[in-house]
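Report on the structure given below.
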Amino acid sequence: MAEQQKKVQEQDINQLRKVRREKLADLQSSGKNPFEITKYDVTCHAADIKEHYEEMEGKQVTLAGRVMQKRVMGKASFCNVLDQSGNIQSYVARDSIGEEAYKDFKKMDIGDIVGVEGEVFKTKTGEISVHASSVKLLSKSLQILPEKYHGLTNTDMRYRQRYVDLIMNPDARDTFIKRSKILSAIRRYLDGQGFLEVETPMLVSNAGGAAARPFETHFNALDEDFKLRISLELYLKRLIVGGLERVYEIGRVFRNEGLDTRHNPEFTLMELYQAYTDYNGMMDLTENLYRHVAQEVLGTTIITYNGVEMDLGKPFERITMVDAVKKYAGIDWNEVETLEQARELAREKKVEFEDRHKKGDILSLFFEEFAEEHLIQPTFVMDHPIEISPLTKKKPENPEYVERFEFFMNGWEMANAYSELNDPVDQRERFKAQEELLAQGDEEANTTDEDFLNALEIGMPPTGGIGFGIDRMCMLLTDSAAIRDVLLFPTMKSLDK
C-alpha cells in the first residue's frame, strides 16, 4: 500500500513539474522570461518592516523573496514572501496592480522568487503586510518544495540539499545566521586585543601540529605529493618567530577520521598565538572570549544545551588532569611510580591500552574514561603528561608534565592550549619520539619538520597558543545536536555507493 502511494505521489510531482515548465515556456514565448531579469532594487527586508512598523506604516517599500503561500480569492489575493530575515504577507489586488499583472500573479507558483513593491499596512486581523502596487516574477521555480508533502523532515536530505533546508526550516536558517555572527564576534574581540588575522597554507608537505591522520593528494605541476593540513600551528608559530606578536587564523583543516555527531573530516579550527605569555594567559583569553561571544550573539552568558544550563558568567573551574582522575576515578596518579603499575591499574579498571602506551598515555586514557563526561560547566583541565604533548613546554617543577590545558564544556573538548615549546633541541627530541611512534604504527603521530626546527633555531619568544573547535562552539551556542547541523555542507557518503 505504501509503495503504491509513493508511486502516485511521484506521478503527481512529475505532473506538477511538467506544468511549471509549460508555464515557463509560455512566459518566454510572450517575452516575459524571468531569467532575463538581471537586478531588482530591494529597499528593505521582512524583519525591518515588522520590527519598525510604527515608523514604516504607510511608506512605500520594495522587497524580494520566495513565495511560500498563496491564496487567490477572485479580485484580491494574499501571498506570503520569504526573504533572509523571515516571512511577510503581501495583499495583492487586481485594481492595485492591473488586470494583466494580476493574471500573471495568479499563474505564479509556490517557490517562485518575486519582487513586491507597495505600501506597509495592517490587515483587519492585525497582520503587518505590504499592499502591493507591483508584483514581478524574478525567477521561476521548476521544482516542487517539500512543504506540499509535509515539509523537509528527512535528516539526510536536509544535509544533502541544504538550500531546501534553509528555505523550509526557519531554525536551520537561524542557526547559520548565528554561526556567521559568532565568527564576526570572535574576529571583533581578537582584533580589539591587537591580534592580526593571517592565512597559512592548506597544501603542505608535512602535516604537523596535531595527532591526526592526514589526507594525501598529488600536485601535478611539481610531480610531488602533498597533504592537506591537519592543524594551523606550525606556520603560525613561524610568524611569531618573524616578529608578528599576536596572530590568529580561522580556517578549514582536514583529518582523515570517522564521522559522528562531533566529527567531520573537514572542520573549522581557530588557532591563535601570543608572544610573551603562557597557558595562564590563554586561559584568561578563552574565558573572556567565550563570555564576549555569548553576550554579543545571544545577549546572555547563560546558555542551554539539550536542556542543560551552562554559566559562562562565573569564573571557569581550573583543575589538573591528575586531580581530575583522582576526583572521578578515585586514583592518585602521583602514587603511580612505574609503567607496570599504570598498566595494572588499567587492567583492574578495564581501561584499554596498547603496548606502545607509556605511563602518561595511560593517565590520559583514565581521564577520557572517567572524567570527561562530568565536565559540563566551563572547565580548564591543566598540566597534561609530556607523552601526549609533543609541542608543549615542560613544567619546571615536574618535567613529566607540561604547561597545557584543554577547555571542556558539556563533556566535550572545546579548546587545546599550550605554553609553546620554543627550545629547538628539546623539540627535535620530541619529534624523534613521534617518529618512533609512527614506526610502531601510530598513523596520527607527527613527523620531523626541519623548516619549523630552523625557525625555532632563529629564536621564538615565550609564547602562549590555543586551538578552538569553532564547530563545537557553534553547536553549544545554537543548541544543535550534531556537527552536521552547524556545517552548511557536511561530508556525506555518495548516494550511488
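Model, not experiment: these values are computed from the prediction.
Between Y279 and V402, the closest side-chain pair of non-hydrogen atoms is not below 4.5 Å. Looking at heavy atoms from C-beta onward, F468 lies out of side-chain contact with I186 at the 4.5 angstrom threshold. Within the 4.5 Å cutoff, no side-chain heavy atoms of F219 are placed close to those of L203. C44 places a side-chain heavy atom less than 4.5 Å from the side chain of I49. Considering only heavy atoms from C-beta on, E352 stays 4.5 Å or farther from L365 through its side chain. Side chains of M473 and Y290 form a contact here, defined as non-hydrogen atoms less than 4.5 Å apart. Considering only heavy atoms from C-beta on, M68 comes within 4.5 Å of N87 through its side chain. Within the 4.5 Å cutoff, side-chain heavy atoms of M270 are placed close to those of L190.
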Run L196 and L239 through side-chain contact (heavy atoms from CB on, under 4.5 Å) and show every step you take.
CA-CA 11 Å; L196 300 173; L239 300 180; over 6 Å; no

Evaluate the criterion side-chain contact (heavy atoms from CB on, under 4.5 Å) for residue pair R160 and L495; output intermediate values, then yes/no.
CA-CA 10 Å; R160 291 184 188 279; L495 287 170; 3.5 Å; yes

Working for side-chain contact (heavy atoms from CB on, under 4.5 Å), residues R188 and D191:
CA-CA 5 Å; R188 278 194 296 274; D191 293 347; 5.8 Å; no

Determine, step by step, whether H384 and S364 satisfy the side-chain contact (heavy atoms from CB on, under 4.5 Å) criterion, reporting the C-alpha distance in whole Å, the side-chain angles of both residues, the deciding distance to 0.1 Å, and the verdict.
CA-CA 8 Å; H384 294 218; S364 177; over 6 Å; no

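In terms of the side chain to side chain donor-acceptor pair (under 3.5 Å) criterion, residue partners of R162 (sequence neighbours excluded) are, by chain and number, D165.
In this structure a side-chain-to-backbone donor-acceptor pair under 3.5 Å is missing from T300 to L298. The main-chain N or O of Q434 is never found under 3.5 Å from a side-chain atom of N446 such that the two would form a donor-acceptor pair. Between the side chain of T62 and the main chain of T43, no donor-acceptor pair closer than 3.5 Å is present. Not a single donor-acceptor pair under 3.5 Å links the side chain of D83 to the backbone N or O of H45. No donor-acceptor pair under 3.5 Å is formed between the side chain of D284 and the backbone N or O of G281. Listed for the R291 side chain is a donor-acceptor partner under 3.5 Å among the backbone atoms of K314. Without hydrogens or angle criteria, E435 side chain to T448 main chain gives a donor-acceptor distance under 3.5 Å. Formation of a donor-acceptor pair under 3.5 Å by the D174 side chain with backbone atoms of P170 is not found in this model. At distances below 3.5 Å, at least one donor-acceptor pair connects side-chain atoms of D278 with backbone N or O atoms of N280. In terms of modelled atom types and a separation under 3.5 Å, the side chain of D260 and the main chain of H263 share a donor-acceptor contact.
To the nearest 0.5 angstrom, I240 atom CD1 is 5.0 Å from T463 atom OG1. To the nearest 0.5 Å, the span separating CD1 on I230 from CZ on F215 amounts to 11.5 Å. To the nearest 0.5 Å, the span separating CG on L166 from CZ on R173 amounts to 7.5 Å. Expressed to the nearest 0.5 Å, how far CZ of F267 lies from CZ of F254 amounts to 9.5 Å. For the atom pair OG1 (T175) and CG (L488), the distance works out to 10.0 Å, reported to the nearest 0.5 Å.
By the 30° and 60° cut-offs, the orientation of the rings of F407 relative to F380 is tilted. Ring orientation note: the planes of Y189 and H292 are tilted relative to one another, at an angle of 30° to 60°.
No more than 12 heavy atoms of other residues, nucleotides or ligands shown are found within 6.0 angstrom of CD on E199. At most 12 non-hydrogen atoms from other residues, nucleotides or ligands lie less than 6.0 angstrom from NZ of K181. Counting heavy atoms of neighbouring residues, nucleotides and ligands inside a 6.0 Å radius, atom NZ of K358 does not exceed 12 of them. No more than 12 heavy atoms of other residues, nucleotides or ligands lie within 6.0 Å of NZ in K326, so this atom counts as exposed by the packing criterion. More than 12 heavy atoms of other shown residues, nucleotides or ligands fall within 6.0 angstrom of atom CD in E224. The number of heavy-atom neighbours closer than 6.0 Å to CD of Q84, taken from other residues, nucleotides and ligands shown, is 12 or below.
In summary, the aromatic rings of F316 and F405 are positioned with their centroids too far apart to meet the 6.0 Å limit.
Under 3.5 Å, the side chains of Y235 and D451 contain no donor-acceptor pair of N or O atoms.
For K327 and D323, the salt-bridge test fails: no basic side-chain N is under 4.0 Å from an acidic carboxylate O. Between E369 and K349, none of the side-chain N atoms (NZ, or NE/NH1/NH2) sits under 4.0 Å from a carboxylate O, so this pair counts as no salt bridge. Using a 4.0 Å cut-off between charged nitrogen and carboxylate oxygen, D361 and R356 do not count as a salt-bridge pair. In summary, K237 and D449 do not engage in a salt bridge, as defined by a charged side-chain N under 4.0 Å from a carboxylate O. The pair E287-R318 meets the salt-bridge criterion, with a side-chain N (NZ, NE, NH1 or NH2) lying under 4.0 Å from an Asp/Glu carboxylate O. Using a cut-off of 4.0 Å between Lys/Arg side-chain N and Asp/Glu carboxylate O, E403 and K393 are scored as not salt-bridged. Under the 4.0 Å criterion applied to side-chain N and carboxylate O atoms, R179 and D471 are assigned as salt-bridge partners.
The heavy-atom pair separating A46 from S85 by the smallest distance is N-OG, 3.2 Å. Residues L312 and P378 approach most closely at CD2-CG, 3.8 Å, considering heavy atoms. Closest of all the heavy-atom pairs between G209 and S231 is O-OG, 3.4 Å. Nearest approach of K359 to W333, heavy atoms of both residues: O-CZ2, 3.6 Å. Between E271 and G467 the shortest heavy-atom distance is CG-CA, 3.8 Å. When all heavy atoms are compared, the tightest approach of G194 to R246 is O-CB, 3.7 Å.
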For residues 301-310, run the donor-acceptor check on the side chains, cut-off 3.5 Å, and write out each pair with its distance to 0.1 Å, sequence neighbours left out.
{"unit_1": "Y305", "atom_1": "OH", "unit_2": "S480", "atom_2": "O", "d": "2.6"}

Result block: side-chain N/O donor-acceptor pairs under 3.5 angstrom for residues 138-146, not counting sequence neighbours:
{"unit_1": "K140", "atom_1": "NZ", "unit_2": "D109", "atom_2": "OD2", "d": "2.5"}
{"unit_1": "K140", "atom_1": "NZ", "unit_2": "D112", "atom_2": "OD2", "d": "2.9"}
{"unit_1": "S141", "atom_1": "OG", "unit_2": "R20", "atom_2": "NH1", "d": "3.4"}
{"unit_1": "S141", "atom_1": "OG", "unit_2": "Q143", "atom_2": "O", "d": "3.2"}
{"unit_1": "Q143", "atom_1": "OE1", "unit_2": "R17", "atom_2": "NE", "d": "2.8"}
{"unit_1": "Q143", "atom_1": "OE1", "unit_2": "R17", "atom_2": "NH2", "d": "3.2"}

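Among E249, E233, R238, the single residue meeting the side-chain hydrogen bond (donor to acceptor under 3.5 Å, both in side chains) criterion with T200 is E249. The salt bridge (Lys or Arg N to Asp or Glu O under 4.0 Å) test with D383 is passed by exactly one of R404, K395, K394: K395.
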